[in-house]
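The chain is numbered in sequence order, starting from 1.
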Amino acid sequence: MINETSIDSDCLKKLNRDGLLSLSSEVIQDIYDRVKVQRFREREGDNIKLKYLRVLMTAIQTHNMVLRDEELEDVKARLELLEAACEETNR
């Protein structure tokens with residue numbers, strides 16, 4: 001189990017959509033650069049790297065879903081405030 005005090009504060013920074021897009025773009029570019037050569041040759045460690053890339057992409061997708069849920073909650077709260085304000089002005 002990871003000790004809470006041993007976690008680096010930079011590790012806990014929340015990525016926004018731009019950060020996720022940048023990260024996934026970097027992964028896509030890395031993969032594209034690797035396979036665009038005229039003659040592809042498998043390297044030692046490719047299988048392990050692909051496993052980690054799959055985990056990374058799953059983490060990006062999950063993080064994106066959490067961000068989307070947060071944004072929906074924010075929109076919902078703002079809508080409720082607007083509806084309440086409209087009701088006040090209609091009275």
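Linking ILVMFWY side-chain heavy atoms closer than 4.5 Å, directly or via other members, places Leu56 and Leu50 in a single hydrophobic cluster.
Tyr32 OH: 12 or fewer foreign heavy atoms inside a 6.0 Å radius. Around atom NZ of Lys51, no more than 12 heavy atoms belonging to other residues, nucleotides or ligands sit under 6.0 Å away.
Within the structure, every pair that satisfies the side-chain hydrogen bond (donor to acceptor under 3.5 Å, both in side chains) test and touches residues 17-28, not counting sequence neighbours, is listed here: Arg17-Asn64, Arg17-Glu71.
Applying the salt bridge (Lys or Arg N to Asp or Glu O under 4.0 Å) rule to Arg34 yields the partners Asp46; only residues at least two apart in sequence or on another chain are considered. With sequence neighbours excluded, the residues forming a salt bridge (Lys or Arg N to Asp or Glu O under 4.0 Å) with Glu88 are Arg91, listed by chain and number. In this structure, Lys76 has no salt bridge (Lys or Arg N to Asp or Glu O under 4.0 Å) partners at least two apart in sequence or on a different chain. For the side-chain hydrogen bond (donor to acceptor under 3.5 Å, both in side chains) test, no residue two or more places apart in sequence or in another chain qualifies with Gln61.
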Test Lys49 against Arg54 for side-chain contact (heavy atoms from CB on, under 4.5 Å), laying out the working first.
-> CA-CA 9 Å; Lys49 183 176 182 176; Arg54 284 187 198 103; over 6 Å; no
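In terms of heavy atoms, Val37 sits closest to Asp33 at CG1-O, 4.2 Å.
Within the model, atoms CD1 of Ile60 and CG of Leu23 stand 4.0 Å from one another, a figure rounded to the nearest 0.5 Å. One finds the CG atom of Leu21 at 10.0 Å from the CG atom of Asn16 (value rounded to the nearest 0.5 Å). Annotation: the span from Met57 atom CE to Thr62 atom OG1 amounts to 11.0 Å, rounded to 0.5 Å. Atom CG of Leu53 is separated from atom CD1 of Ile31 by 5.0 Å, given to the nearest 0.5 angstrom.
For His63 (side chain) and Leu15 (main-chain N/O), a donor-acceptor pair under 3.5 Å exists by modelled atom type.
The shortest distance between side-chain heavy atoms of Met65 and Arg68 falls below 4.5 Å. The shortest distance between side-chain heavy atoms of Glu73 and Asp69 does not fall below 4.5 Å.
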Listed pairs under 3.5 Å, donor-acceptor, residues 77-85 side chains, sequence neighbours left out:
none

